[in-house]
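Residue numbers start from 1 in every chain, and the chains themselves are labelled A, B, ... in the order their sequence lines are given, proteins ahead of strands. Below, each value reflects all heavy atoms present in this structure, side chains not excepted, and no hydrogens, waters or symmetry copies.
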2 protein chains.
Amino acid sequence: MEKNKDAEKDIIEAARKVFITKGFSSATTRDIAKEANVNIAMVHYYYRSKENLFDIIFEEAFKTLISSILDATNSNIALFEKIELIIHNYINTLISNPYLPNFIVNEITQNPERIEKKFKDKDIYNKVFKRLSEDIENETIKGTIREINPISLFMNILSMCIFPFLAKPIFKWVFEFGESYYGELLEERKKIITEFVINAIKKC
Amino acid sequence: MEKNKDAEKDIIEAARKVFITKGFSSATTRDIAKEANVNIAMVHYYYRSKENLFDIIFEEAFKTLISSILDATNSNIALFEKIELIIHNYINTLISNPYLPNFIVNEITQNPERIEKKFKDKDIYNKVFKRLSEDIENETIKGTIREINPISLFMNILSMCIFPFLAKPIFKWVFEFGESYYGELLEERKKIITEFVINAIKKC
DNA sequence: GTCTATAGCGGGATAGAC
DNA sequence: GTCTATCCCGCTATAGAC
């Protein structure tokens, strides 16, 4: 009876692709309809407005990016292994979703209220961070690692994992890297960052 | 005779502000004209098109961001001091221009060709990096630092400097930091990153 | 549910008077 | 140089036929 049995689903998938690669303001409902092989009116029929559709995609993307850290920090292992796990999990998530960091960072910078409106449950992130924080303090007291502010360490680790994805076109250009070589480099960074961090904090 | 003696200059300044905070696609010539206290037609009279005006701002911004690294890497000092100098210079530049990283990263991601078209003199960046690269290799041979791929080290340093600016709204939200406290934190990071990097690479 | 047609707006750009 | 008026396009959104 219908050409397209699950237009609703196709639209979401198209929206994910278009919004995440182009961002809210550059993406158009026409793009999304075309990508989904659907009439423009259908987009509004199922999702009412561009804004509403965007919110669904944004929330989903944000959770993807956050939850891969949460799992790792929560696990019951020693600090160094935990650091290794965080880095591995996070880079794996980024390799599978390379456009997410740009998308999230841009949209939040353009519209910081979105974060506060949609994610009232910030406490979760805060509590999980406290878990990591305690691990760090315990090791400091034991004397196995140097004194370091947990927030600084956390920022350093995230920075080294995410930034090479954000700045990928720039690095590729400056160093004349091909796409596949850059992929290998990102893969190798799991090990490199882990070693770098452990050397930075380990007492010797 | 004229209300506004140097509209041309006012327009550039307005364009800088509007483009850098909103990005190309969200910024409008109407925004820029308003910000410059000038009629919309004047924007086209002096700069022909939105695209053309944007290119001027983009090139200027890119050079600002790059040149602060070049100066430091080129100087004739020992590796550890050079690393310290790079980090200090770079974070100072970012504190003075906090919107630049988002602007550059976004626009290049949306339109990677822009980089290649406008900046044919990529060799400069490449050569200066080789300078740093040699310094690192020399110290490795001397045995004062651990073996590390210069590109990895370079990426790590840049990541830790820039990312906290890119992700400022997210970090402020998660950790409930106020604007002024976040400013202090960024200032402190000069020292923190320097120590972190030196500990990470120094043999002991 | 699906399509066509169209309303209604905001955008970039220019013609032409002064 | 400066301003008004206007063109024309592409966008979001909806009304209404099927």
Side-chain angles (χ1 to χ4, degrees), chain A residues 1-61 103 106-107 110-111 113-114 117-118, chain B residues 1-61 103 106-107 110-111 113-114 117-118:
Chain A
M1 212 176 278
E2 305 91 10
K3 283 179 187 171
N4 201 341
K5 254 187 94 183
D6 30 22
E8 193 169 355
K9 204 179 159 192
D10 289 349
I11 292 169
I12 275 287
E13 276 166 20
R16 188 179 298 121
K17 183 173 173 185
V18 173
F19 276 133
I20 289 180
T21 52
K22 295 195 172 185
F24 180 77
S25 60
S26 294
T28 68
T29 50
R30 282 172 162 81
D31 288 337
I32 294 168
K34 201 174 182 184
E35 178 72 31
N37 280 314
V38 145
N39 192 286
I40 316 173
M42 296 298 284
V43 177
H44 292 96
Y45 174 75
Y46 282 112
Y47 296 99
R48 309 193 56 81
S49 73
K50 182 186 173 185
E51 274 272 339
N52 187 47
L53 185 50
F54 177 82
D55 285 347
I56 296 169
I57 302 300
F58 180 82
E59 184 159 350
E60 177 194 286
F103 175 64
N106 292 348
E107 299 301 336
Q110 290 308 315
N111 202 344
E113 319 84 59
R114 215 188 306 273
K117 279 184 187 167
K118 295 282 159 186
Chain B
M1 211 178 277
E2 306 92 8
K3 283 181 188 171
N4 201 340
K5 255 187 92 183
D6 31 23
E8 192 168 356
K9 205 179 158 192
D10 289 349
I11 292 169
I12 275 287
E13 277 165 20
R16 188 179 299 122
K17 184 174 172 185
V18 174
F19 276 133
I20 289 180
T21 51
K22 294 194 171 185
F24 179 78
S25 60
S26 294
T28 67
T29 51
R30 283 170 164 82
D31 287 337
I32 295 169
K34 200 175 182 183
E35 179 72 32
N37 280 316
V38 144
N39 192 287
I40 316 173
M42 296 298 285
V43 176
H44 292 95
Y45 175 75
Y46 282 112
Y47 296 99
R48 308 192 57 83
S49 73
K50 181 187 174 184
E51 274 270 341
N52 187 45
L53 184 51
F54 176 83
D55 284 348
I56 296 169
I57 301 301
F58 180 82
E59 185 159 350
E60 178 194 285
F103 175 65
N106 291 347
E107 299 300 337
Q110 290 309 315
N111 203 344
E113 319 83 61
R114 216 188 307 273
K117 279 185 187 167
K118 295 282 160 185

Atom pair distance, as rounded to whole Å: [atom1] in [X] and [atom2] in [N]:
X	N	atom1	atom2	value
A:K34	D:dG10	NZ	P	12 Å
A:N39	C:dT2	CG	C1'	7 Å
B:Y46	C:dA13	OH	C1'	18 Å
B:F54	C:dA13	CZ	P	14 Å
A:N37	C:dG1	CG	P	19 Å

Inset, instruction - Answer whether the closest heavy-atom distance between the side chains of A:R114 and A:D55 falls below 4.5 Å. - result: yes

Inset, instruction - Report yes if the side chains of A:I12 and A:Y47 come closer than 4.5 Å at any heavy-atom pair, otherwise no. - result: yes

Legend entry - Pairs where residues 24-34 of chain A contributes a residue and the test salt bridge (Lys or Arg N to Asp or Glu O under 4.0 Å) is met, not counting sequence neighbours: A:K22-A:D31

Inset, instruction - Test A:I11 against A:L53 for side-chain contact (heavy atoms from CB on, under 4.5 Å), laying out the working first. - result: CA-CA 9 Å; A:I11 292 169; A:L53 185 50; 4.1 Å; yes

Inset, instruction - Test side-chain contact (heavy atoms from CB on, under 4.5 Å) on B:E107 and B:F54 and set out the steps. - result: CA-CA 11 Å; B:E107 299 300 337; B:F54 176 83; 3.6 Å; yes

Inset, instruction - Report, as a single string ordered 5' to 3', how protein heavy atoms within less than 4.0 Å touch nucleotides 11-18 of chain D: B base, S sugar-phosphate only, - not at all. - result: BBBB----

Inset, instruction - For B:E35, enumerate each residue passing the salt bridge (Lys or Arg N to Asp or Glu O under 4.0 Å) test, keeping only those at least two apart in sequence or located in another chain. - result: B:K17

